[in-house]
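Read through the structure below, which is laid out as C-alpha coordinates, and then see the notes.
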There are 2 protein chains.
Amino acid sequence: METPRLSRDAVLDTALRIVEERGLAALTMRGLAADLGVAATAIYWHVGNRDALVAALTDRVLGDLGDLTPPGSADGPQERIVGVGRVLRRRILARPHAIALLHEQGRTAVMMRPAQRALAAEVAAAGLGGERAATVVRAVLHHVVGFVLLERAVQRGPEPHPGPDEVWRDPDGVDPALAHELGRPHDPDALFEVSLSALVSGLLAADT
Amino acid sequence: METPRLSRDAVLDTALRIVEERGLAALTMRGLAADLGVAATAIYWHVGNRDALVAALTDRVLGDLGDLTPPGSADGPQERIVGVGRVLRRRILARPHAIALLHEQGRTAVMMRPAQRALAAEVAAAGLGGERAATVVRAVLHHVVGFVLLERAVQRGPEPHPGPDEVWRDPDGVDPALAHELGRPHDPDALFEVSLSALVSGLLAADT
DNA sequence: ACCTGAACACCGTTCAAGT
DNA sequence: ACCTGAACACCGTTCAAGT
(Lines give C-alpha, C1' and ligand atoms only; values in the text may rest on other atoms or scores of the structure.)
Protein backbone atom coordinates (compact mmCIF):
# COMPACT_ATOMS: atom_id res chain seq x y z
CA MET A 1 0.00 0.00 0.00
CA GLU A 2 2.44 2.61 -1.24
CA THR A 3 1.35 6.23 -1.17
CA PRO A 4 0.44 7.14 -4.75
CA ARG A 5 2.93 9.26 -6.65
CA LEU A 6 0.19 11.43 -8.10
CA SER A 7 -2.96 13.05 -6.80
CA ARG A 8 -5.80 14.95 -8.37
CA ASP A 9 -4.71 18.06 -6.52
CA ALA A 10 -1.12 17.76 -7.68
CA VAL A 11 -2.32 17.46 -11.27
CA LEU A 12 -4.53 20.54 -10.92
CA ASP A 13 -1.73 22.52 -9.27
CA THR A 14 0.74 21.91 -12.06
CA ALA A 15 -1.90 22.35 -14.74
CA LEU A 16 -2.86 25.72 -13.31
CA ARG A 17 0.76 26.81 -13.21
CA ILE A 18 1.15 25.96 -16.88
CA VAL A 19 -1.99 27.88 -17.83
CA GLU A 20 -0.89 30.89 -15.80
CA GLU A 21 2.59 30.94 -17.25
CA ARG A 22 2.05 29.98 -20.85
CA GLY A 23 -1.66 30.06 -21.57
CA LEU A 24 -4.40 27.50 -22.00
CA ALA A 25 -3.14 26.33 -25.38
CA ALA A 26 0.14 25.29 -23.75
CA LEU A 27 -1.71 22.88 -21.50
CA THR A 28 -1.16 19.50 -23.14
CA MET A 29 -1.54 16.16 -21.46
CA ARG A 30 1.94 15.15 -22.52
CA GLY A 31 3.57 18.37 -21.39
CA LEU A 32 1.70 18.27 -18.11
CA ALA A 33 2.82 14.67 -17.58
CA ALA A 34 6.41 15.65 -18.27
CA ASP A 35 6.22 18.43 -15.69
CA LEU A 36 4.80 15.93 -13.23
CA GLY A 37 7.50 13.38 -14.03
CA VAL A 38 4.95 10.76 -14.96
CA ALA A 39 3.59 8.96 -18.01
CA ALA A 40 1.01 10.94 -19.94
CA THR A 41 -1.61 8.31 -19.41
CA ALA A 42 -1.33 8.45 -15.62
CA ILE A 43 -3.19 11.75 -15.65
CA TYR A 44 -6.27 10.12 -17.08
CA TRP A 45 -6.72 8.01 -14.00
CA HIS A 46 -6.97 11.13 -11.81
CA VAL A 47 -8.88 13.66 -13.86
CA GLY A 48 -10.60 11.80 -16.67
CA ASN A 49 -9.62 13.64 -19.82
CA ARG A 50 -8.52 17.09 -20.95
CA ASP A 51 -12.01 18.58 -20.94
CA ALA A 52 -12.62 17.40 -17.40
CA LEU A 53 -9.25 18.81 -16.42
CA VAL A 54 -10.12 22.22 -17.82
CA ALA A 55 -13.50 22.08 -16.12
CA ALA A 56 -11.88 21.34 -12.78
CA LEU A 57 -9.44 24.19 -13.32
CA THR A 58 -12.31 26.53 -14.05
CA ASP A 59 -14.09 25.61 -10.85
CA ARG A 60 -10.97 26.15 -8.84
CA VAL A 61 -10.14 29.52 -10.36
CA LEU A 62 -13.66 30.90 -10.30
CA GLY A 63 -14.75 29.37 -7.04
CA ASP A 64 -12.88 31.89 -4.98
CA LEU A 65 -13.57 35.31 -6.37
CA GLY A 66 -13.97 36.25 -2.73
CA ASP A 67 -16.37 38.61 -1.08
CA LEU A 68 -17.73 41.20 -3.46
CA THR A 69 -19.61 43.49 -1.09
CA PRO A 70 -18.39 47.03 -1.66
CA PRO A 71 -16.64 48.97 1.13
CA GLY A 72 -18.98 50.36 3.81
CA SER A 73 -17.86 53.82 2.81
CA ALA A 74 -20.05 53.69 -0.28
CA ASP A 75 -23.47 54.80 0.88
CA GLY A 76 -25.98 55.48 -1.90
CA PRO A 77 -27.68 52.41 -3.42
CA GLN A 78 -26.43 53.35 -6.88
CA GLU A 79 -22.87 53.76 -5.69
CA ARG A 80 -23.03 50.45 -3.83
CA ILE A 81 -24.31 48.54 -6.85
CA VAL A 82 -21.65 50.12 -9.04
CA GLY A 83 -19.17 49.17 -6.32
CA VAL A 84 -19.99 45.48 -6.65
CA GLY A 85 -19.49 45.70 -10.40
CA ARG A 86 -16.18 47.48 -9.94
CA VAL A 87 -14.84 44.88 -7.53
CA LEU A 88 -16.04 42.05 -9.74
CA ARG A 89 -14.22 43.45 -12.73
CA ARG A 90 -10.98 43.89 -10.80
CA ARG A 91 -11.13 40.35 -9.44
CA ILE A 92 -11.61 38.91 -12.90
CA LEU A 93 -8.89 41.03 -14.47
CA ALA A 94 -6.54 39.92 -11.70
CA ARG A 95 -6.91 36.36 -13.04
CA PRO A 96 -5.84 36.65 -16.67
CA HIS A 97 -6.31 32.98 -17.40
CA ALA A 98 -9.83 32.97 -15.96
CA ILE A 99 -11.26 34.44 -19.14
CA ALA A 100 -9.62 31.87 -21.37
CA LEU A 101 -10.87 29.10 -19.12
CA LEU A 102 -14.37 30.48 -19.18
CA HIS A 103 -14.50 30.88 -22.86
CA GLU A 104 -13.08 27.49 -23.68
CA GLN A 105 -15.86 25.87 -21.83
CA GLY A 106 -18.70 28.31 -21.54
CA ARG A 107 -19.15 27.89 -17.82
CA THR A 108 -19.76 31.56 -17.36
CA ALA A 109 -22.57 30.82 -14.95
CA VAL A 110 -20.12 29.52 -12.37
CA MET A 111 -18.35 32.82 -12.31
CA MET A 112 -21.56 34.73 -11.96
CA ARG A 113 -22.80 33.08 -8.80
CA PRO A 114 -21.02 35.01 -6.03
CA ALA A 115 -21.49 38.26 -7.88
CA GLN A 116 -25.17 37.54 -8.25
CA ARG A 117 -25.53 37.09 -4.51
CA ALA A 118 -23.71 40.31 -3.72
CA LEU A 119 -25.76 42.24 -6.24
CA ALA A 120 -29.02 40.76 -5.03
CA ALA A 121 -28.22 41.93 -1.52
CA GLU A 122 -27.51 45.49 -2.64
CA VAL A 123 -30.51 45.68 -4.93
CA ALA A 124 -32.77 44.42 -2.15
CA ALA A 125 -31.25 46.98 0.21
CA ALA A 126 -32.12 49.62 -2.38
CA GLY A 127 -35.77 48.71 -1.83
CA LEU A 128 -36.39 46.76 -5.02
CA GLY A 129 -37.91 43.32 -5.17
CA GLY A 130 -39.37 40.62 -7.38
CA GLU A 131 -38.99 40.66 -11.12
CA ARG A 132 -37.79 44.22 -11.29
CA ALA A 133 -34.92 43.56 -8.89
CA ALA A 134 -33.96 40.42 -10.78
CA THR A 135 -33.72 42.43 -13.98
CA VAL A 136 -31.41 44.96 -12.37
CA VAL A 137 -29.16 42.19 -11.02
CA ARG A 138 -28.95 40.45 -14.35
CA ALA A 139 -28.42 43.63 -16.35
CA VAL A 140 -25.53 44.76 -14.19
CA LEU A 141 -23.97 41.31 -14.18
CA HIS A 142 -24.21 40.99 -17.94
CA HIS A 143 -22.79 44.43 -18.46
CA VAL A 144 -19.77 43.87 -16.23
CA VAL A 145 -18.88 40.38 -17.41
CA GLY A 146 -19.52 41.24 -21.03
CA PHE A 147 -17.37 44.33 -20.69
CA VAL A 148 -14.47 42.34 -19.30
CA LEU A 149 -14.83 39.62 -21.91
CA LEU A 150 -14.67 42.19 -24.69
CA GLU A 151 -11.94 44.18 -22.98
CA ARG A 152 -9.64 41.16 -22.93
CA ALA A 153 -10.51 40.15 -26.46
CA VAL A 154 -9.49 43.58 -27.69
CA GLN A 155 -6.30 43.55 -25.62
CA ARG A 156 -5.22 40.17 -26.96
CA GLY A 157 -5.78 41.09 -30.56
CA PRO A 158 -2.76 42.03 -32.62
CA GLU A 159 -2.81 45.55 -33.97
CA PRO A 160 -6.01 45.66 -36.02
CA HIS A 161 -5.63 45.36 -39.77
CA PRO A 162 -6.62 48.93 -40.48
CA GLY A 163 -5.16 50.95 -37.63
CA PRO A 164 -7.75 52.64 -35.43
CA ASP A 165 -6.72 55.96 -36.94
CA GLU A 166 -6.95 54.91 -40.51
CA VAL A 167 -10.58 53.92 -40.24
CA TRP A 168 -11.48 57.52 -39.61
CA ARG A 169 -9.34 59.06 -42.33
CA ASP A 170 -12.52 59.60 -44.29
CA PRO A 171 -15.09 60.72 -41.71
CA ASP A 172 -17.69 60.95 -44.45
CA GLY A 173 -20.57 62.67 -42.77
CA VAL A 174 -19.39 62.19 -39.22
CA ASP A 175 -18.34 65.20 -37.16
CA PRO A 176 -14.54 65.46 -37.67
CA ALA A 177 -13.89 66.24 -34.01
CA LEU A 178 -15.81 63.12 -33.00
CA ALA A 179 -14.05 61.09 -35.67
CA HIS A 180 -10.68 62.25 -34.37
CA GLU A 181 -11.69 61.48 -30.81
CA LEU A 182 -12.78 57.95 -31.74
CA GLY A 183 -9.48 57.37 -33.51
CA ARG A 184 -7.55 57.85 -30.29
CA PRO A 185 -7.01 55.03 -27.82
CA HIS A 186 -9.25 55.23 -24.77
CA ASP A 187 -8.93 54.43 -21.10
CA PRO A 188 -10.91 51.24 -20.34
CA ASP A 189 -11.12 52.03 -16.62
CA ALA A 190 -12.78 55.37 -17.27
CA LEU A 191 -15.12 53.89 -19.85
CA PHE A 192 -16.12 51.18 -17.44
CA GLU A 193 -16.93 53.68 -14.70
CA VAL A 194 -18.97 55.95 -16.91
CA SER A 195 -20.96 53.20 -18.59
CA LEU A 196 -21.70 51.21 -15.45
CA SER A 197 -22.83 54.33 -13.61
CA ALA A 198 -25.05 55.32 -16.51
CA LEU A 199 -26.52 51.83 -16.68
CA VAL A 200 -27.32 51.65 -12.98
CA SER A 201 -28.75 55.13 -12.83
CA GLY A 202 -30.86 54.37 -15.89
CA LEU A 203 -32.07 51.12 -14.33
CA LEU A 204 -32.97 52.72 -11.01
CA ALA A 205 -34.72 55.63 -12.70
CA ALA A 206 -36.90 53.42 -14.93
CA ASP A 207 -40.66 53.66 -14.35
CA THR A 208 -41.62 50.02 -14.67
CA MET B 1 -0.41 27.75 -68.58
CA GLU B 2 -3.21 25.64 -67.18
CA THR B 3 -5.83 27.34 -65.06
CA PRO B 4 -4.99 26.53 -61.44
CA ARG B 5 -7.15 23.93 -59.73
CA LEU B 6 -7.34 25.98 -56.56
CA SER B 7 -7.87 29.62 -55.74
CA ARG B 8 -7.77 31.64 -52.56
CA ASP B 9 -11.49 32.28 -52.86
CA ALA B 10 -12.30 28.62 -53.32
CA VAL B 11 -10.30 27.81 -50.20
CA LEU B 12 -12.12 30.48 -48.20
CA ASP B 13 -15.52 29.35 -49.49
CA THR B 14 -15.05 25.76 -48.41
CA ALA B 15 -13.40 26.76 -45.15
CA LEU B 16 -16.33 28.98 -44.29
CA ARG B 17 -18.78 26.21 -45.08
CA ILE B 18 -16.96 23.88 -42.71
CA VAL B 19 -16.95 26.46 -39.93
CA GLU B 20 -20.63 27.18 -40.42
CA GLU B 21 -21.62 23.53 -40.45
CA ARG B 22 -19.33 22.00 -37.87
CA GLY B 23 -17.62 24.80 -35.97
CA LEU B 24 -14.19 26.36 -35.96
CA ALA B 25 -12.57 23.37 -34.26
CA ALA B 26 -13.59 21.19 -37.21
CA LEU B 27 -11.58 23.37 -39.56
CA THR B 28 -8.38 21.37 -40.11
CA MET B 29 -6.00 21.83 -42.99
CA ARG B 30 -6.22 18.16 -43.83
CA GLY B 31 -9.99 18.02 -43.71
CA LEU B 32 -10.27 21.18 -45.74
CA ALA B 33 -7.89 19.76 -48.32
CA ALA B 34 -9.96 16.59 -48.52
CA ASP B 35 -13.11 18.62 -49.15
CA LEU B 36 -11.25 20.50 -51.86
CA GLY B 37 -9.94 17.29 -53.41
CA VAL B 38 -6.37 18.42 -53.09
CA ALA B 39 -3.22 17.69 -51.08
CA ALA B 40 -3.18 19.34 -47.67
CA THR B 41 -0.06 21.26 -48.50
CA ALA B 42 -1.60 22.93 -51.54
CA ILE B 43 -3.61 25.17 -49.25
CA TYR B 44 -0.48 26.72 -47.85
CA TRP B 45 0.42 28.19 -51.19
CA HIS B 46 -2.85 30.12 -51.30
CA VAL B 47 -3.51 31.25 -47.77
CA GLY B 48 -0.27 30.94 -45.84
CA ASN B 49 -1.13 28.93 -42.77
CA ARG B 50 -4.09 28.18 -40.53
CA ASP B 51 -3.90 31.43 -38.60
CA ALA B 52 -3.90 33.45 -41.79
CA LEU B 53 -6.82 31.40 -43.04
CA VAL B 54 -8.84 32.15 -39.93
CA ALA B 55 -7.94 35.82 -40.19
CA ALA B 56 -9.13 35.94 -43.78
CA LEU B 57 -12.35 34.20 -42.77
CA THR B 58 -12.89 36.77 -40.04
CA ASP B 59 -12.49 39.65 -42.45
CA ARG B 60 -14.93 38.11 -44.84
CA VAL B 61 -17.60 37.37 -42.24
CA LEU B 62 -17.33 40.66 -40.41
CA GLY B 63 -16.74 42.86 -43.39
CA ASP B 64 -20.37 42.83 -44.39
CA LEU B 65 -22.47 43.41 -41.34
CA GLY B 66 -24.38 45.73 -43.61
CA ASP B 67 -25.98 49.07 -42.93
CA LEU B 68 -26.78 49.57 -39.27
CA THR B 69 -28.80 52.77 -39.37
CA PRO B 70 -32.11 52.15 -37.60
CA PRO B 71 -35.43 52.45 -39.47
CA GLY B 72 -36.58 56.01 -40.09
CA SER B 73 -39.65 55.26 -37.98
CA ALA B 74 -37.56 55.57 -34.82
CA ASP B 75 -37.52 59.25 -34.02
CA GLY B 76 -36.12 60.14 -30.60
CA PRO B 77 -32.31 60.22 -30.30
CA GLN B 78 -32.39 57.65 -27.53
CA GLU B 79 -34.59 55.30 -29.51
CA ARG B 80 -32.36 55.70 -32.57
CA ILE B 81 -29.18 54.91 -30.65
CA VAL B 82 -30.84 51.90 -29.06
CA GLY B 83 -31.97 50.95 -32.55
CA VAL B 84 -28.40 50.75 -33.84
CA GLY B 85 -27.48 48.51 -30.91
CA ARG B 86 -30.48 46.28 -31.55
CA VAL B 87 -29.67 45.84 -35.23
CA LEU B 88 -26.00 45.20 -34.45
CA ARG B 89 -26.88 42.44 -32.01
CA ARG B 90 -29.25 40.76 -34.46
CA ARG B 91 -26.67 40.85 -37.24
CA ILE B 92 -24.04 39.26 -35.04
CA LEU B 93 -26.38 36.59 -33.70
CA ALA B 94 -27.36 35.76 -37.27
CA ARG B 95 -23.74 34.72 -37.85
CA PRO B 96 -23.16 32.08 -35.20
CA HIS B 97 -19.59 31.37 -36.26
CA ALA B 98 -18.66 35.06 -36.18
CA ILE B 99 -18.21 35.01 -32.44
CA ALA B 100 -15.93 32.00 -32.48
CA LEU B 101 -13.88 33.60 -35.23
CA LEU B 102 -13.59 36.82 -33.31
CA HIS B 103 -12.60 35.20 -30.11
CA GLU B 104 -10.03 32.89 -31.60
CA GLN B 105 -8.17 35.82 -32.95
CA GLY B 106 -9.18 38.85 -30.96
CA ARG B 107 -9.96 40.99 -33.97
CA THR B 108 -12.95 42.47 -32.29
CA ALA B 109 -12.04 45.89 -33.59
CA VAL B 110 -12.85 44.87 -37.15
CA MET B 111 -16.38 44.06 -36.17
CA MET B 112 -16.80 47.33 -34.39
CA ARG B 113 -16.01 49.61 -37.27
CA PRO B 114 -19.34 49.86 -39.14
CA ALA B 115 -21.24 49.97 -35.89
CA GLN B 116 -19.02 52.77 -34.68
CA ARG B 117 -19.80 54.82 -37.74
CA ALA B 118 -23.55 54.31 -37.41
CA LEU B 119 -23.48 55.18 -33.74
CA ALA B 120 -21.33 58.24 -34.29
CA ALA B 121 -23.87 59.53 -36.79
CA GLU B 122 -26.78 59.08 -34.40
CA VAL B 123 -24.93 60.53 -31.44
CA ALA B 124 -23.93 63.55 -33.46
CA ALA B 125 -27.53 63.93 -34.62
CA ALA B 126 -28.52 63.92 -30.97
CA GLY B 127 -26.47 67.10 -30.58
CA LEU B 128 -23.45 65.65 -28.79
CA GLY B 129 -19.86 66.20 -29.85
CA GLY B 130 -16.23 65.80 -28.90
CA GLU B 131 -15.11 63.65 -26.03
CA ARG B 132 -18.56 63.25 -24.55
CA ALA B 133 -19.99 61.89 -27.80
CA ALA B 134 -17.05 59.51 -28.17
CA THR B 135 -17.73 58.13 -24.70
CA VAL B 136 -21.37 57.47 -25.55
CA VAL B 137 -20.40 55.70 -28.77
CA ARG B 138 -17.84 53.52 -27.04
CA ALA B 139 -20.05 52.73 -24.06
CA VAL B 140 -22.94 51.57 -26.24
CA LEU B 141 -20.63 49.56 -28.49
CA HIS B 142 -18.96 47.84 -25.56
CA HIS B 143 -22.27 47.06 -23.96
CA VAL B 144 -23.78 45.51 -27.06
CA VAL B 145 -20.78 43.47 -28.17
CA GLY B 146 -19.98 42.40 -24.61
CA PHE B 147 -23.58 41.36 -24.12
CA VAL B 148 -23.56 39.22 -27.23
CA LEU B 149 -20.20 37.68 -26.38
CA LEU B 150 -21.47 36.66 -22.95
CA GLU B 151 -24.85 35.62 -24.28
CA ARG B 152 -23.26 33.11 -26.61
CA ALA B 153 -20.80 31.87 -24.00
CA VAL B 154 -23.69 31.09 -21.68
CA GLN B 155 -25.68 29.42 -24.45
CA ARG B 156 -22.80 27.16 -25.43
CA GLY B 157 -22.08 26.03 -21.91
CA PRO B 158 -23.35 22.65 -20.85
CA GLU B 159 -25.81 22.72 -17.99
CA PRO B 160 -23.91 24.44 -15.18
CA HIS B 161 -22.49 22.19 -12.48
CA PRO B 162 -24.86 23.35 -9.79
CA GLY B 163 -28.16 23.95 -11.55
CA PRO B 164 -29.32 27.58 -11.57
CA ASP B 165 -32.01 26.61 -9.09
CA GLU B 166 -29.80 24.84 -6.67
CA VAL B 167 -27.60 27.85 -6.10
CA TRP B 168 -30.52 29.63 -4.55
CA ARG B 169 -31.72 26.80 -2.34
CA ASP B 170 -30.24 28.65 0.59
CA PRO B 171 -31.09 32.31 -0.02
CA ASP B 172 -29.27 33.24 3.19
CA GLY B 173 -30.13 36.86 3.66
CA VAL B 174 -31.45 37.48 0.17
CA ASP B 175 -35.14 38.21 -0.34
CA PRO B 176 -36.70 34.78 -1.14
CA ALA B 177 -38.90 36.20 -3.90
CA LEU B 178 -35.83 37.70 -5.57
CA ALA B 179 -33.89 34.49 -5.07
CA HIS B 180 -36.67 32.52 -6.69
CA GLU B 181 -36.85 34.97 -9.57
CA LEU B 182 -33.11 34.73 -10.18
CA GLY B 183 -33.33 30.96 -10.21
CA ARG B 184 -35.64 31.01 -13.20
CA PRO B 185 -34.33 31.24 -16.75
CA HIS B 186 -34.66 34.66 -18.31
CA ASP B 187 -35.38 36.04 -21.75
CA PRO B 188 -32.16 37.46 -23.24
CA ASP B 189 -34.04 39.63 -25.75
CA ALA B 190 -35.98 41.36 -23.00
CA LEU B 191 -32.89 41.77 -20.84
CA PHE B 192 -31.01 43.29 -23.77
CA GLU B 193 -33.76 45.82 -24.43
CA VAL B 194 -34.10 46.90 -20.84
CA SER B 195 -30.39 47.21 -20.16
CA LEU B 196 -29.50 48.99 -23.38
CA SER B 197 -32.33 51.47 -22.93
CA ALA B 198 -31.26 52.12 -19.36
CA LEU B 199 -27.65 52.58 -20.42
CA VAL B 200 -28.45 55.04 -23.17
CA SER B 201 -30.90 57.03 -21.07
CA GLY B 202 -28.34 57.16 -18.28
CA LEU B 203 -25.64 58.30 -20.70
CA LEU B 204 -27.77 61.02 -22.25
CA ALA B 205 -28.92 62.25 -18.85
CA ALA B 206 -25.41 62.53 -17.38
CA ASP B 207 -24.29 66.04 -16.43
CA THR B 208 -20.68 65.91 -17.59
C1' DA C 1 -5.42 1.15 -6.69
C1' DC C 2 -2.32 3.24 -9.47
C1' DC C 3 0.94 3.63 -13.23
C1' DT C 4 3.58 2.37 -17.70
C1' DG C 5 4.29 1.56 -22.77
C1' DA C 6 2.76 0.74 -27.00
C1' DA C 7 -0.42 1.87 -30.28
C1' DC C 8 -4.13 4.46 -32.94
C1' DA C 9 -5.81 8.15 -35.25
C1' DC C 10 -5.18 12.45 -35.60
C1' DC C 11 -2.87 17.47 -35.97
C1' DG C 12 0.08 21.90 -38.49
C1' DT C 13 3.98 22.76 -41.13
C1' DT C 14 8.31 22.37 -44.07
C1' DC C 15 10.49 21.16 -48.08
C1' DA C 16 12.36 18.86 -51.98
C1' DA C 17 10.52 17.33 -56.06
C1' DG C 18 7.51 17.31 -59.86
C1' DT C 19 4.71 19.69 -63.88
C1' DA D 1 3.15 29.27 -60.86
C1' DC D 2 1.07 25.71 -58.70
C1' DC D 3 0.68 21.18 -56.61
C1' DT D 4 2.23 16.48 -54.57
C1' DG D 5 4.38 13.21 -51.18
C1' DA D 6 7.17 12.24 -47.67
C1' DA D 7 8.64 13.56 -43.42
C1' DC D 8 8.91 15.90 -38.73
C1' DA D 9 7.28 16.95 -34.47
C1' DC D 10 3.53 17.14 -32.26
C1' DC D 11 -1.54 16.09 -30.30
C1' DG D 12 -5.63 13.28 -27.12
C1' DT D 13 -7.04 8.87 -25.95
C1' DT D 14 -7.49 3.67 -25.29
C1' DC D 15 -5.99 -0.41 -23.42
C1' DA D 16 -3.48 -4.38 -22.08
C1' DA D 17 -0.04 -5.17 -18.95
C1' DG D 18 2.55 -4.52 -14.89
C1' DT D 19 3.10 -3.63 -9.59
Side-chain angles (χ1 to χ4, degrees), chain A residues 1-60 97 100-101 103-107 156 158, chain B residues 1-60 97 100-101 103-107 156 158:
Chain A
M1 189 115 146
E2 306 279 323
T3 84
R5 316 184 46 206
L6 219 51
S7 74
R8 187 183 154 85
D9 270 339
V11 172
L12 292 183
D13 284 345
T14 330
L16 195 51
R17 224 199 45 234
I18 293 177
V19 173
E20 278 169 0
E21 287 173 1
R22 314 205 306 275
L24 186 55
L27 179 67
T28 68
M29 302 302 269
R30 290 171 137 100
L32 174 56
D35 281 15
L36 287 164
V38 99
T41 48
I43 298 173
Y44 286 79
W45 200 91
H46 291 275
V47 295
N49 57 17
R50 192 179 184 274
D51 278 352
L53 171 61
V54 173
L57 246 36
T58 309
D59 281 344
R60 182 183 271 206
H97 41 281
L101 284 174
H103 220 274
E104 164 113 340
Q105 235 224 337
R107 317 217 19 225
R156 277 202 344 252
Chain B
M1 189 115 146
E2 307 279 322
T3 84
R5 316 184 47 205
L6 219 53
S7 74
R8 187 183 154 85
D9 271 338
V11 171
L12 292 184
D13 284 344
T14 331
L16 194 53
R17 222 199 44 235
I18 293 177
V19 173
E20 277 168 0
E21 287 173 0
R22 314 205 305 276
L24 186 56
L27 179 66
T28 70
M29 303 301 270
R30 290 172 137 100
L32 175 55
D35 280 14
L36 287 164
V38 100
T41 48
I43 299 172
Y44 286 79
W45 200 92
H46 292 275
V47 296
N49 57 18
R50 192 180 185 273
D51 278 353
L53 172 61
V54 173
L57 247 36
T58 309
D59 281 345
R60 182 183 272 208
H97 41 282
L101 285 174
H103 222 274
E104 163 114 338
Q105 233 224 339
R107 318 215 19 224
R156 277 202 344 252

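Here is how names work: the chains are called A, B, and so on, in the same order as the sequence lines, proteins then strands, and each is numbered from 1.
Straight-line distance from the CG atom of L36(A) to the C1' atom of dC3(C): 13 Å, rounded to whole Å. L27(B) has its CG atom 15 Å from the C1' atom of dC10(C), to the nearest Å. Distance, Y44(B) OH to dT14(C) P: 7 Å, rounded to whole Å. Counting to the nearest Å, the P atom of dC10(C) and the CE atom of M29(A) are 19 Å from each other. Straight-line distance from the CG atom of L53(A) to the P atom of dG12(D): 10 Å, rounded to whole Å. One interatomic measurement links the two molecules: CG of D51(A) to P of dC11(D), which rounds to 17 Å at whole-angstrom precision.
Phosphate proximity of dC11(D) to T28(A): present, with a side-chain N or O under 4.0 Å from OP1 or OP2. The phosphate of dA1(C) (OP1 or OP2) has no side-chain N or O of H46(A) nearer than 4.0 angstrom. Distances shown here put a side-chain N or O of R50(B) below 4.0 Å from the OP1 or OP2 atom of dG12(C). For the OP1/OP2 pair of dG12(C) and a distance below 4.0 Å, the side-chain nitrogens and oxygens of N49(B) include no atom meeting the criterion.
With dC3(C), dT13(C), dG12(D) as the candidates, the nucleotide lying closest to the side chain of R30(B) is dT13(C). Among the nucleotides dT14(C), dC3(C), dT14(D), the one closest to the side chain of T41(B) is dT14(C).
Using a 4.0 Å heavy-atom criterion, one finds that R5(A) contacts the sugar-phosphate atoms exclusively.
Minimum interatomic distance between A56(B) and L12(B) (heavy atoms only, all atoms of both residues): CB-CD2, 3.8 Å.
Atom P of dA9(C) sits at a distance of 22 Å from the matching atom of dA9(D), rounded to the whole Å.
Consecutive pairing runs in DNA chain C reach the stem threshold at C:4-8 with D:12-16, C:12-16 with D:4-8, where a stem means at least three Watson-Crick or G-U wobble pairs with distances under 3.5 Å.
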